[in-house]
Amino acid sequence: MGFTWGMRLRGASKKKIAPVMSWSESTSEPDITIPPEFQCPISIDLMKDPVIISTGITYDRTSIEKWIDSGNNTCPVTNTVLTTFDQIPNHTIRKMIQGWCVEIGSSLIERIPTPRVPLMPCEVYEICRKLSSATRRGDYEKCEEIIWRIKKLEKESEKNRNCIIENGVALVLCDCFEKFSADEKSTSILGKILSLLTWMVPIGWEGLTTLASASSFRCIAGFLRSKDDTVRENAAFLLKEILSLEETQVHAFAEENGVAAAFLKLIRDSVSSSATRSSLTAVSQMVLAKPEIASEFLEIGLVNQTVEMIIDGENSVCEKALAVLDAVCETSEGIEEVRKNALVMPLLVKKILKVSEQGTWSSVSAILKLCKAGNASTVEEAVRLGAFQKMFLVLQVGYGEETKEKATELLKMMNTQMKLMSDDVDSSMEFKYLKKPF
């Protein structure tokens with residue numbers, strides 16, 4: 001049983017167009033004409049959520065929102081400039097539409113349900129005010145009630161979620177987290193806040209600074225060792241954001257709370273791609289910020305685990321893993337550990353131009369560090385693996401200047417080494433034939 005959409009003119013003077021549902025000959029149901037007053041002037045479809053704008057014209061909410069989001073500031077019907085973008089639900093029309101749907105009783109027309117009114121900024125401000133007040137009083141139950149409401153509102157629609165993100169809820173949640181972080185009995189509410197904050201990025205400097213306090217950081221580090229994988233994933237994500245502050249005390253807290261082992265365990269457990277990416281990013285931040293932490297990571301097998309991620313991980317994970325290897329190569333101890341794994345150099349060369357621009361930068365940077373710190377055999381290995389040709393391609397692709405500079409430096413080193421190598425490598429490929437500027 002099928003139907004087709006047709007168009008019928010109603011009213012010779014105004015020529016309003018009314019959609020008509022016409023059944024095929026095999027059906028017995030009559031044509032259904034949607035009354036023009038129930039149609040959205042934009043879509044000409046039956047309105048499901050009629051709203052009135054400042055000009056007094058009623059539209060379907062979805063259609064008028066798309067119109068406004070496209071950059072229009074006028075009423076589609078009157079072409080009058082809108083004094084406000086507020087949309088007021090037209091309950092009278094909605095009830096009439098619902099009644100009409102029931103009256104015609106056709107299987108083609110379902111009764112339009114009463115829509116949920118989207119969250120408004122003023123409502124979010126009130127939520128923030130109440131949560132701040134409850135936080136200051138230390139009212140655990142009230143805070144939990146408000147947090148539950150935020151979670152419920154977010155699930156109702158994408159518009160609600162965006163409204164929550166744009167109106168300062170994250171900062172208030174960070175304050176609430178800090179307030180209860182020292183209380184071991186508050187695990188439930190802290191876990192819920194952690195979950196909410198993961199989709200409120202960017203949290204902002206002020207919020208992250210609050211989470212970087214000693215008690216908050218200790219609490220999040222504790223969640224990183226949770227038996228619940230979702231909680232561990234949320235904790236890894238937030239710790240990655242906090243570590244991006246690059247403040248000395250943050251990395252000191254990381255060392256004190258033993259997050260190195262917890263991050264590596266999360267990577268080994270392969271909880272999810274998101275958790276692995278967050279962990280690898282946090283690890284590279286920590287290694288670059290504090291050599292002492294790098295030593296701890298090396299002792300518990302960071303290099304071998306990272307190599308596994310490069311071999312088996314998807315490109316987004318591989319990119320982060322290459323950044324970790326590059327960070328490890330910042331220290332002599334790290335370079336020594338990297339050299340022990342015979343797969344590192346082949347993988348670094350192979351992944352150039354294969355993962356992403358950032359992945360290529362990390363690979364070229366790590367190879368350069370290994371060649372500078374090594375002897376002729378290290379450079380020779382890179383050449384035999386095809387690094388020389390790859391560096392030419394890097395210069396041609398159009399990557400950033402820093403990547404090109406590293407590639408050029410590597411080419412010079414490899415060109416010198418090639419002159420000393422046997423006929424296994426084509427000695428005619430000399431650096432003097434490179435065109436300048438690169």
Quiz prompt | Side-chain touch L325/I310, heavy atoms, less than 4.5 angstrom | solution = yes
Quiz prompt | side-chain contact (heavy atoms from CB on, under 4.5 Å) between L196 and I164, worked out | solution = CA-CA 11 Å; L196 289 174; I164 290 169; over 6 Å; no
Self-check item: Pairwise side-chain contact, C128 with N167, heavy-atom cut-off 4.5 Å (strictly under)
Solution: no
Self-check item: side-chain contact (heavy atoms from CB on, under 4.5 Å) evaluation trace for F177 with I220
Solution: CA-CA 10 Å; F177 190 96; I220 300 173; 3.6 Å; yes
Quiz item: Residues two or more places apart in sequence or in another chain: which of them pass side-chain hydrogen bond (donor to acceptor under 3.5 Å, both in side chains) with D228?
Solution: none
Quiz prompt | Spacing of S213 atom OG and R218 atom CZ [to the nearest 0.5 Å] | solution = 8.5 Å
Quiz item: Can K369 and D326 be counted as an ion pair, charged N to O under 4.0 angstrom?
Solution: yes
Quiz item: Would you call D269 and K265 a salt bridge, using N to O less than 4.0 angstrom?
Solution: yes
Self-check item: Close side-chain approach of K406 and E409, heavy atoms under 4.5 Å
Solution: no
Quiz item: Given side chains that start at C-beta, do those of S356 and N315 come closer than 4.5 Å, heavy atoms only?
Solution: no
Quiz prompt | Note: K151-E154 ion pair, threshold 4.0 Å (strictly below) | solution = no
Self-check item: Approximate separation, where rounding is to 0.5 Å, of F392 CZ and T408 OG1
Solution: 10.0 Å
Quiz item: Is a side-chain donor or acceptor of S186 paired with a backbone partner of A182 at a separation under 3.5 angstrom?
Solution: no
Quiz item: Aromatic rings F180 and Y140: how do their planes relate, parallel, tilted or perpendicular, breaks at 30° and 60°?
Solution: perpendicular
Practice problem: Indicate yes or no: at least one non-hydrogen side-chain atom of L119 is less than 4.5 angstrom from one of K159. | Solution: no
Quiz item: Is the backbone N or O of Q358 less than 3.5 Å from a side-chain atom of S362, with the two atoms forming a donor-acceptor pair by type?
Solution: yes
Quiz item: Roughly how far, to the nearest 0.5 Å, is CZ of R232 from CG of L239?
Solution: 12.5 Å
Exercise. Would you check if there is a donor-acceptor pair between the side chains of S132 and R136 at a distance under 3.5 Å?
Key: no
Quiz item: Within the side chain of N90, is there an N or O that forms a donor-acceptor pair under 3.5 Å with the backbone of P50?
Solution: no
Quiz prompt | N/O donor-acceptor pair under 3.5 Å between K351 side chain and G359 backbone | solution = no
Exercise. Identify whether the distance between the nearest side-chain nitrogen and carboxylate oxygen of E145 and R149 falls below 4.0 Å.
Key: no
Quiz item: Do the side chains of F85 and N73 get nearer than 4.5 Å, heavy atoms only?
Solution: yes
Quiz prompt | CD/E206: more than 12 non-hydrogen atoms of other groups inside 6.0 Å | solution = no
